Amino acid sequence: MSESREEAGQDRDENLAFFGRITASLSHEINNVLTIINELSGLMGDLLEASARGKPLNEDKLSLQREKISAQILRGEKLIKRLNRFSHLTDSPLKTFSLHELLEDLASIAERFATLKGVSLTLTLPETEISIENNPFEVQKTVFAAIDAFLTSAASDAAIELDYAGEPEQAIISVGCASGHFDRASLALTQERIIGFCENLGAKTEFSEQDKRCIIKILLPLQIPA
Amino acid sequence: MSELKVLLVDDEEELVFTCAERLSLRGIAAQAATDGAQALDAMAKEKFDVVVIDLKMPGISGLAVLKTIKRDYPDTAVIMLTGHGSVVENREGLEAGAFDYLIKPVEINNLIEKLKAAVADKGSP
C-alpha cells in the first residue's frame, strides 16, 4: 500500500474512532435522561395506583414529578441538539464557522469525559467572536485530542483550561493543565498525533510550559489558502 | 422472606432516589448513594443484601466499588447497571463477582425479580 493511501487509511480510522467515541458518550447521556424519565413517570404511576386503592393522593408530590420530567426533557433536548450539531460537522470538509460555537459544543461534550475522571474543564471565550474557514469536524477532533492528551493521565484534582484568541491571520486555541497534575511521558506520546492532526488543518502546534502550566497551542489560519 | 435491604448507587441523583422510593413502596428497604465513596460509607454502617451499582461514575468507578464489596462484604450480592453496548465492562464485572447486570432503563418489576434472584443465589450451595 502506498504511503499516502496508508496515511489516508489512518486518517479515516482516527476520524471514525473520534466520531464513535463522541456519539457513544452523547447517546449514553441521552439514555440516562430516558432512564430518569422512566423512573419519574413510574413513581407517578405508583402514586396514582395507591390513590386508586384509597390512599390520599399527594398532588404536590405528583406535580413535582411532572416538573422533574419537564427538566429532564429539556436536558434531553439539549443533548440531542448537541449530538445533531456534532453529526452535521461532517457535512462539509471546508466551511466558515464560529469558534465560539464549536468550542462551546466541544467543551460540553468533553465535560462528561472530564467529570468521569474527577477533572474540571473550563472554557473561556474571548469577547470578540472569531470565525475561521476550515474543516469543523477536524478542528473539533484536534482540540479534543489536546484535551484528551491531559485527561488520559490526569490526576483526579486536575483542572484543564480551554480558551482561544484571535490574531492577525490566525486564531490560537490553547489547552492547558497545571504541571504535576498529569503524566508527561503520556503527554509526549500524543504529541506526534496532535501535530499530525494540525498539519491536516494547515495549522501549527506549540507545546510549552508557562507559570507551571503545560499548554498545547493550536495555531489555525483564519482562511485556508486557495 | 425478611425485608430485603438494597443499596442503589448511581451518580444520577434523580434516578437513584426515585428508584429507591419506588422500591420502598413495594416493601423493599432501599437506600441511595450517588458515588462510590458514599456507597462504601453506607456499607460500613449497615448490612445490605444487594447493591445495585452503575459501572460508569465519577470518582471511584463502579467496577472498583464492586471489587471492594466482593472482598470486604462477600455476603452482599452485586448487580451492575449499565448502558447499552458496554459488553466489555459487563464481562469485567461478572468476572469480578457481580451476580448479573441490568441495562438502563430498567423496568421496576425486572429489577425486583433480579434482586430476589440475587438473594436466592446466595442461599444456594
Side-chain angles (χ1 to χ4, degrees), chain A residues 20-21 23-53 55 57-58 61-62 64-76 79 110-121 151 154-158, chain B residues 6 8-28 30 32 34-38 52-65 79-90 101-115:
Chain A
R21 197 169 167 202
T23 51
S25 176
L26 285 169
S27 63
H28 185 98
E29 285 196 87
I30 292 166
N31 194 47
N32 276 349
V33 168
L34 294 177
T35 301
I36 293 167
I37 291 173
N38 183 55
E39 286 305 315
L40 292 170
S41 65
L43 181 56
M44 288 176 83
D46 292 345
L47 295 171
L48 289 168
E49 277 176 25
S51 170
R53 288 195 302 270
K55 190 172 176 183
L57 181 65
N58 185 333
K61 187 155 185 160
L62 205 62
L64 179 61
Q65 305 319 306
R66 192 165 58 90
E67 283 170 21
K68 287 181 179 182
I69 288 173
S70 296
Q72 290 300 321
I73 289 171
L74 283 174
R75 181 184 164 200
L79 287 166
E111 193 178 8
R112 178 169 181 265
F113 293 92
T115 300
L116 282 172
K117 292 212 72 174
V119 172
S120 73
L121 172 65
L151 266 182
S156 62
D157 58 349
Chain B
V6 177
L8 304 170
V9 191
D10 195 300
D11 60 310
E12 291 281 3
E13 206 171 302
E14 287 295 2
L15 168 63
V16 77
F17 282 100
T18 306
C19 188
E21 185 169 355
R22 296 188 72 201
L23 287 175
S24 299
L25 288 172
R26 287 160 171 80
I28 294 172
T34 54
D35 61 41
Q38 269 188 29
V52 182
I53 185 159
D54 184 15
L55 285 187
K56 273 195 169 23
M57 291 189 297
I60 310 171
S61 74
L63 191 60
V65 175
I79 296 169
M80 299 177 290
L81 268 184
T82 79
H84 295 279
S86 308
V87 174
V88 170
E89 286 164 349
N90 295 347
Y101 62 89
L102 287 164
I103 298 175
K104 297 179 188 180
V106 180
E107 206 277 317
I108 192 90
N109 291 329
N110 289 346
L111 171 59
I112 292 171
E113 270 181 37
K114 201 67 82 173
L115 293 172

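Predicted model, so just to flag it, every value in this text is computed and none were measured. Sequence lines set the chain letters: A, B, ... in the order given, protein chains first and strands last, and positions in each chain run from 1.
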- Query: Among B/V9, B/V106, B/L81, B/L23, which residue meets the side-chain contact (heavy atoms from CB on, under 4.5 Å) test with B/V52?
  - Reply: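 Answer to the side-chain contact (heavy atoms from CB on, under 4.5 Å) test with B/V52 among B/V9, B/V106, B/L81, B/L23: B/L81.
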Between chain B and each of [options], count heavy-atom pairs under 4.5 Å; write down the option with the most.
options: A/H28, A/K68, A/Q72; answer: A/K68
options: A/T115, A/I37, A/L43, A/V119; answer: A/L43
options: A/A71, A/S27, A/G42, A/A24; answer: A/G42
options: A/D46, A/N38, A/L34, A/N32; answer: A/D46

- Query: For the residue pair B/C19 and B/L111, what are the closest heavy atoms and their distance?
  - Reply: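 Closest pair (atom of B/C19, atom of B/L111, distance): SG-CD2, 3.6 Å.
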- Query: Minimum heavy-atom separation for A/L57 to A/L47, with atom names?
  - Reply: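 Shortest heavy-atom separation between A/L57 and A/L47 comes out as CD1-O, 3.8 Å.
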- If you round to the nearest 0.5 Å, how far is CD of B/E107 from CD of A/E39?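 Interatomic distance, A/E39 CD to B/E107 CD, rounded to 0.5 Å: 9.0 Å.
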- B/D54 side, atom CG; B/S61 side, atom OG - distance, nearest 0.5 Å: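 Those atoms lie 10.5 Å apart.
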- Interface moiety of A/N31 toward chain B, non-hydrogen atoms closer than 4.5 Å: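 Only the side chain of A/N31 comes within 4.5 Å of chain B.
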- Given that the side chain runs from C-beta out, which part of B/V16 has a heavy atom under 4.5 Å from chain A: side chain, backbone, both or neither?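 When you check distances to chain A, no heavy atom of B/V16 falls under 4.5 Å.
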